[in-house]
Structure formats: structure tokens, C-alpha cells
Novice: 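Would you mind keeping the following structure in view while I ask a few things?
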Amino acid sequence: MWSTSVGADGMKEHYPFKTIEAKWQQYWEDQGLFATDVTDARDKYYCLMMFPYPSGTLHVGHGRNYIIGDAVARYKKMRGKRVLTPMGWDAFGLPAENAAIKTGTHPRTSTLNNIATMKKQLRAWGCGYDWAREVTSCEPDYYKWTQWLFLKLYERGLAYKKEAAVNWDPVDQTVLANEQVLPDGTAERSGARVEKKMLSQWFFKITAYAQRLLDDLETLDGWPERVKAMQENWIGRSEGARIEFPLVPRNDGVADETDTIPCFTTRVDTIYGCTYMVLAPEYPGIETFVAGLPEEDSVRDFIATAGRLSAIERTTEGDKNGVFTGRYVVNPFNHETIPLWIGDYVLLEYGTGAVMAVPAHDTRDWAFAHKYDLPIRISIQNPDRTLDLATMTEAYVDDGVVVDAIPFSNLPNREAIPKMAAYAEVQGFGKAVVQYRLRDWLISRQRYWGAPIPIIYCDDCGMVPVPEADLPVKLPMDVEFKPSGESPLKRHPDFQQVPCPRCGKPARRESDTMDTFVDSSWYFFRYLSARDDAQAVDTACCDQWMPVDQYIGGIEHAILHLMYARFFTKAMYDLGLVHCEEPFAQLFTQGMITKRSEQDGQLYKMSKSKGNVVSPEALIEAFGADTVRLYTLFIGPPEKEAEWNDDAVEGAHRFLRRIWRRVYLHRDWLVAARDAQPMLDQLPADARALYRKLHESIQRITRDLEGAFHFNTAIAQIMELMNALDDVEVSADHPEPVRAVYRETLESVVLLLSPFAPHIAEELWQELGNPPSILNAEWPRVNEAALHRDEVEMVLQVNGKVRGRIMMPATADQHAVEEAARDNPQVQKWIAGKTIRKVIVVPGKLVNIAAG
RNA sequence: GCCCAGGUGGCGGAAUGGCAGACGCAAGGGACUUAAAAUCCCUCGACCGCAAGGUCGUGCGGGUUCGACUCCCGCCCUGGGCACCA
């Protein structure tokens, strides 16, 4: 029903997305619309997207992150916020170094090339950033400060070196942090089967922050529950007791290095049922315990066999193997002498590496005791007191009553736990303790492409930190990459040989570099003073702008990056560098984009190896960036996974084309209707209804964007509004108030659309006679008067089933509504001959008559 | 085993305890066109019925309620996190 008059230039009638997209990208850049002056923090809104690793090119799956972030930034700007959206590059990392080994291209060259490509891609998507704050973690002006922060942590004892059993990735030729090993024992990055090796490595003492990291999760109201739950699981707090078991001296008079063996238990209430103790095979000093005893050979064999097992074999539930040591310990509660065993199911890294075994009340101990015919004793009775060793077929692990445990007998076991821990403390052989699963963060990597650890080894002075004035410790560029994967720093004399900063004698530089997760643990502070070469962070500015108001990124960083960044923030807080304890107030984790593989028809995350990658370039060429953006946001709830569907992209394009034509064809008289007012009392019914629909839409879209970012329903609402517009005839021939309605509707559609499809919105905004940029325009406001209805449609139900509907004055009272409902012929058909038991009236909505 | 999500048409997905399936995709039919593209109109959960209309339907089984996709209890399934963690 749209008038078909064609505009002056027929060309532009066909939504010239290519020209307008190039035009507006240039305009935003020239006008510096995303440059933010951080000296003014009134109404600040720090909108941050996880900075990408410059892997080469971005696909539409990556795009979701940036498109969501850009839509949020644009929306908040229109809501009057002073929005800061910086962007940078997590630019150190193994892929670039591995590529260098293959192709000979230096990692810095390939990385900077990739950055240039990806920057172009972000621009082509229409995403705006404050590029003056760009940080690139592989450049000395950034990693200088990463190294400086390392030194600060080192001074505080939060960075330390120790010999430990660590995860070794044989493919990437480096050690890894626990967080970077998947549950199946393979490396998160390379996929290699991780090996355990005893090596001397650098750690950050994240465990010192375990409790704070756990406690402060509760303050993070703006974080998804699942992310908080994952971090809670990972930290793995458990309360228990540490009990010292005296070691029974050897018969042959040979002295031991220790006279007690401590163990950690969460079930000290079961200790009267403890019938033996088990040590981890790697337990330090185990060999001296058994030296010269008849059991020595079997113990050595056992340890050797257990040592050959891989991490997965050791940590997979299943068969438990062990061996008797020939030694005994004493249970300090009942003074009973019990045998000391070694078992491969006991982990050195957890607790004390020793377990008090209570087969009657622990499923693992039950299995072990049965296998090796060890004694079993009940020390917790079930509430009915019917437990009997003769009839038990599995360990009783539930709560009950303590038995055979004078002076604790007959106590409910939960009450016995604190009492027994207190008793141990008074007696001096134990105490209540809290144990965490979280391990310290292993940060050294035996690779080249990372920030060098600023430490020097001197034969006389030992470990010496590089003086601050000598930072950055620069990565040498003249290096040779060997296929073995060995770090070129290890055989780079100029890099390694250095005088000791303390005594001046020849010394050796640390050749390990830092985990790239260190670089990304503090970049959000650096954005605020990215070009400052005098200090790592600008404390005053951080006070103003931190925390980040909205952080947006992938769920895959739920534990890794997000916990490391929280740890760094707390450590920097303790150093007085910043005054916020949590970096990210609101966290939004968008779901992955998947696509069906052409090979096997399964859904996979987009990746080159699966061959299901969709590049944005061809789509932008064919449909424009606005279409790709609109489709990406419309695909489904942004926090959920979504399957990419090439066909549906066209639907988004059709919609934009429709809006383009509607506005463009009528632009002349729409501009002329600039000052016309939509007088409510002068509007014919259809225009009045459209005007109501418009304001309902504004209300709903605004609600959808606040908080939960329901872009999909917001866009659906714009589509509905356009559909409603289709049902009326829009032309210049209408009276002024009606023209005003059409103008306001189309203008609002453009405004409401602008965070999602900003180029077309800018162009149409201008076509409607407004000055650019739409970013400076105000988000539409709801006109409460427009929402008013004189009449409402009411649903009529009989026994909960819809039987009809009637129009009622909005002011009708309950009685009138009930009356009208009973009089309705449809309703009468269903209540005829029945007794009406109850009538429910929901004002403005429905009537339900219960009849039977 | 423990802890989180989730299960709705052919598909993606909508629904403050109040009309289940908004919006879009796909499909089918039609209009315009020499033709195509583009655009527009109609149909589109299942079953019964010529129709009016009716019955069933949100993983399964119960419950609360005038009324349940929504709340409660018990299951099943899918995805994710943790797990020989003492």
C-alpha cells in the first residue's frame, strides 16, 4: 500500500549499503566519535571486550563478541553515558612462534600483519573503538610493565621459583599451568598428552588469595551464576582437620628424619575407624623410611611402576594399587598402631600427600582394604544402628552417630567433627584447617614469544631481579627457530650473558618467558593510560574508571583469564596500585557460534580444522556489514550457543532493505513534517493504534537492552513495528497529526535500529533531515499518554479454556466485565446448565468462569 | 557422585502464573512480469470435521491453582564445570 513514487535518483532506492558503510566508517573515524576523554568520568561506562589473540583473520563466530560489544557501547552512548571502548591485542603466544618454526617468518612480523588484518575486519564490521588507547602485549612499551609487575609480585613473595612435579607439554615443548590442562589430561592449546615432570619453575602465589577469590565471588552480582560456580569448583575449598600420626620407630634403631606423618581429612569423625594409613608414591623421604627393611625392594618397584603411569591413568577412578612399607604409625586418638601403606590413588599435591584410611566410611578405602585384606571397623552408625560388617556391601558414607569412640561415642557425627578437631588441638596433635584445590599458577614457559622473566642468575649473588631502570628486558629479534621447538633464547649468547646487577660479575639471564595469561591479567588497567611511559597504571584514573562496567567475552575463559585477572587486581590492590578489588562489575559471556560440518553433519564451534568457518568478507560484500550485524544479534539469545544459518542472513538483509525503502521513498515529505505534532485526540483509529504500538515498542526494546541484552527480542520488536506500519497507508496526503505519527515512527525505527545496524541508521537519520551523528542523538523516550487505551480486548475463558473475546472499556469495573462475560453467546454455550462456582476477573486481560 | 545450564512446530527461537508458538528462516500456494530477480498477498503444531467448531499439545509422572511452558516434589535426557581431592 506504499505509494510507488520513485526518488530523484533511482540508484539510491536500492539500499546502497556499500557506499554508505564506507562513508560512515570514515566519518566516525574522522570525527573521533569513539575517542574518550578519561579526565571526565561523570556517567562513565567502561565497555570492554576481551582483547583477541591476533591469529590471522576473524570469522563470524568471533564477530559475535565485537558486535555485541559495539551494540552495547552505541546504546549506552545514546543513553547519555560517557562510553569508553578500547581495543588491543593479546599478541604473545605459541601459534606465532610455531608458525615461525615452519615458515621462518618472525613472530613479530606475522603478529603485526595479523593485527593489521583484524583491525580492518573490525572496522568493516562497523565496530568503533578508541584506537588511541590500543595496547599490543608483545611490544616493549607494554611488556616492560608486565615485567615490572612481575618484579613487584616478586618483592612481595608472590612470585617464586620452586622445584615441583609440573605439567609438561611435549608438543609445545613447555610447561603448563593446571588451568591449561583439560580434564582428560591433554593440553588445552596443543591437544598433546601432558606428562608430569619434576622441574624448577616460576609460580605466582594465587593460593594466598584463594579465600578472597572465593569470598568476593559473592559480591559479583553482575556475573553469570555458572561462571561463579565454575570458579568456586576450581578453588575447591574444603574444611577439615590436619592430624599428626606419630611414626613408630624402627626395630633396628635406625633413626628417621621425621617422627610424625600429618594427614588431612574432612571426616575426622571417622578417625576411630581408621585402620591404616596410605602415602602418595611420591611422598618425600619415603625411601629412607624403608631403607634396609625387607619391604624395601617391593616399595621401590611399586614407586617406579606408579611413576610410569600417566596423569590420566593415575587420576582416573578405578583399580587401586598399593604396597605395605613395613612401617607403622599410631592413631593419636586411640593410640592404636596401624600399618603404613603406599597407594597410587593418593595424590601428593592435595592435602599432605597422606590419607588416614577408614574403609568402613570411605568408598576408596573400602575398595583398597578389600583388595589387600586390611581390617575394617565401623565408627559411625546409621540412624537405625543396623550397620553390621557382616552384611555391609559398601562403605557407609552418610551421616550417623559416632560409636566405639570414647569420649565421643553417641554424638551425631556432624557435631563430633568440630569437637574432635578442638580436642586434637588441645592435645597438640592436630587442628582444624581449610584446604583448597587451587594450586599456585605456574607462569614460566620454555618458549621465545612471551615477556622475558626479569631475573638474573649470578653464581655469587644467586637470583637477582633485574633493576627497574633496566626494564624492559627486550626480546632479541635476531633469533633462529629450530624445529625441535627449543626456545631460541636458550642459545642466544647476547641475551643470556649479562653482568650481575649486584656484583657486576658475569651472570646468566633467565631464558624462560611468562605465560601469555599474565599479559592479559592487567591490560584493562593499561587502557586507561596506554601511552604513559612513566608508570604501569595511572592510579587516579583507575580510581575513576574502574571497575569495568561491562565485560564481554567467551565462556571458555570462565576459569583461566577471569580468575587470573581477579587475582592480579587483588595483588595490585595490595600493592596500592589500584583501589578496586574486583575488575569486572558486570560480565557477559556470549555463546559460541556453531555450524554444521559438511563432512559429518555434526555441530561444531567454528574452526579451521573442522572446515566450518564462515568469513565475514563475502557476506559483507554481498549484503553489507549491517546485515551481518543484525543477523548475528537476531540469531538467538546472545548468552546461548547459536547455529549459523547462511539462508537466514538474507532475511536480515530483506528487513533492512524494507526499512531503507520505506524511509527513502518518503523522505521529502517526512522531512517537511519535521515540526508536526501527533495530537492524540485528533488521530484516526489506525494512526492512533500505530502510535501506541510505537511507544510500546520503545518501552519493550529499552527493557530488552537494559541488563540482559536481549537483542533478539529487541530486533523482533522492531520487525513487528514495521509490520504494523505496513498495515496503514503512509503518504503525504494525510492530515498533519497523522503525518507526524508516521514521521515519528520511522524516525524512531531508525534510532532503535542504530545500535544494531549503525551505517544504515546514520544515513537514514540524515535523510530524515537530522544532523549527524545519530550517536549523539537521544534514545527515544516512552510517551506514557500514547500507551493509554480506551478499550481493551478481554479473553473469555470457561474452566480455563478460551471460548471467546470481547472489547471492554478500559475503565469497566469487575462487575461490568463479569456481566458482559456471562452475556456473551459463546460463553453461554459452555456454561449452559452448569453451576457457576467462581468467576475470576483479571483487569484488562481476561475473565475465567469456573463452572461445573 | 557433586555443582550449574537446558529440553517448546520442519528449523532458530517468543511468552511479569493469564490467548502457547511473537519475530525470523524454510516450505507450499497465488499476484505482478515476455521471463527472471526484486516486491507483495495467503497457508503453515498434530488429529477430527464440508464448515462452524472441537480434542490433544511445551521431555516423563505427580502436586498446588479458577488457570501452569512458567511454581513445588520425584524422575528421564542433553550440554558444561569439578572429581581416586581424603
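Both backbone and side-chain heavy atoms feed into the values below; hydrogens, waters and symmetry mates do not. The sequence lines fix the lettering, A, B, ..., with proteins before strands; numbering per chain opens at 1.
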Novice: Can you figure out which of B:C4, B:G81, B:G67 approaches the side chain of A:R226 most closely?
Specialist: B:C4
Novice: Between B:G67, B:C19, B:A86, which nucleotide gets closest to the side-chain atoms of A:E793?
Specialist: B:C19
Novice: Report the residue (A:W830 or A:E720) whose heavy-atom-nearest nucleotide on RNA chain B is the more 5′ of the two.
Specialist: A:E720
Novice: Tell me what A:G236 touches on the nucleic acid: a base, only sugar-phosphate, or nothing, going by heavy atoms under 4.0 Å.
Specialist: nothing
Novice: Looking across every strand, which nucleic acid part, if any, lies under 4.0 Å from A:Q797 by heavy atom: base, sugar-phosphate, or nothing?
Specialist: base
Novice: Would you classify A:P224 as touching base, sugar-phosphate or nothing, given that sugar-phosphate means primed atoms plus P, OP1 and OP2, and contacts are heavy atoms under 4.0 Å?
Specialist: nothing
Novice: Please tell me which of the listed nucleotides, B:C19, B:C85, B:G18, lies nearest to the side chain of A:R437?
Specialist: B:C85
Novice: Tell me: CG of A:D647 to C1' of B:G10, nearest whole Å?
Specialist: 14 Å
Novice: Can you identify which nucleotide, out of B:A14, B:G18, B:C84, has its nearest atom closest to the A:N848 side chain?
Specialist: B:G18
Novice: Using the benzene-type ring in the case of Trp, are the ring centres of A:Y664 and A:Y15 under 6.0 Å apart?
Specialist: no
Novice: Identify, between A:W234 and A:G351, the residue whose nearest nucleotide on RNA chain B lies closer to the 5' end.
Specialist: A:W234
Novice: Quick one: label A:I635 by what it contacts on the DNA or RNA (base, sugar-phosphate, nothing), any heavy atom closer than 4.0 Å.
Specialist: sugar-phosphate
Novice: Of the nucleotides B:C3, B:C56, B:A14, which one has an atom closest to the side chain of A:N233?
Specialist: B:C3
Novice: Hey, what's the ring geometry for A:F756 with A:F711, parallel, tilted or perpendicular (30° and 60° as the breaks)?
Specialist: perpendicular
Novice: Just the dot-bracket of RNA chain B, please: which string comes out with Watson-Crick or G-U pairs under 3.5 Å, [ ] for crossing, | for another strand?
Specialist: (((((((..(((.....[....))).(((((.......))))).((((....))))..(((((..]....))))))))))))....
Novice: What is the separation between atom CD1 on A:I235 and atom P on B:A83, rounded to the nearest whole Å?
Specialist: 13 Å
Novice: What form does the base of B:G49 take, syn (within 90° of 0) or anti?
Specialist: anti
Novice: Given B:C66, B:C56, B:C84, which nucleotide is nearest the side-chain atoms of A:K801?
Specialist: B:C56
Novice: Please encode protein proximity along nucleotides 36-45 of chain B as a string of B, S and -, counting only heavy-atom distances under 4.0 Å.
Specialist: --SSS-----
Novice: At 4.0 Å (heavy atoms only), tell me whether A:R439 reaches a base, stays on the sugar-phosphate, or touches nothing.
Specialist: nothing
Novice: Please report the distance, rounded to the nearest Å, between NZ in A:K640 and P in B:G79.
Specialist: 16 Å
Novice: Where do A:K320 and A:R364 land on the side-chain contact (heavy atoms from CB on, under 4.5 Å) test, with the steps shown first?
Specialist: CA-CA 8 Å; A:K320 294 158 185 52; A:R364 294 153 303 177; 3.5 Å; yes
Novice: Given B:A86, B:C23, B:G81, identify the nucleotide with an atom nearest to the side chain of A:I559.
Specialist: B:G81
Novice: Across the strands shown, which category fits A:N712 at heavy-atom distances under 4.0 angstrom: base, sugar-phosphate, nothing?
Specialist: sugar-phosphate
Novice: Quick one: A:E556 CD to B:G81 P, roughly how many Å, whole number?
Specialist: 12 Å
Novice: So that I can tick it off, tell me whether A:K18 and A:E621 are bridged by a salt bridge, with the cut-off set at under 4.0 angstrom between side-chain N and carboxylate O.
Specialist: yes
Novice: Report the nucleotide, chosen from B:A86, B:G80, B:C19, that has the shortest atom-to-atom distance to any side-chain atom of A:V795.
Specialist: B:C19
Novice: Flag the pair A:K228 and A:E232 as a salt bridge only when some basic side-chain nitrogen lies within less than 4.0 angstrom of an acidic carboxylate oxygen.
Specialist: no
Novice: Go through B:A15, B:C23, B:A20 for me and flag the one nearest to the A:R700 side chain.
Specialist: B:A15
Novice: Can you tell me which nucleotide in B:C23, B:A86, B:G81 comes closest to the side chain of A:N723?
Specialist: B:C23
Novice: Is a salt bridge present between A:R414 and A:D269, judged by a nitrogen-to-oxygen distance below 4.0 Å?
Specialist: no
Novice: Of the options A:Y631, A:F634, A:F17, which is the one that meets A:H653 in a ring pair (Phe, Tyr, Trp, His ring centres under 6.0 Å)?
Specialist: A:F17
Novice: So A:V842, base contact, sugar-phosphate only, or nothing? Heavy-atom distance under 4.0 Å.
Specialist: base
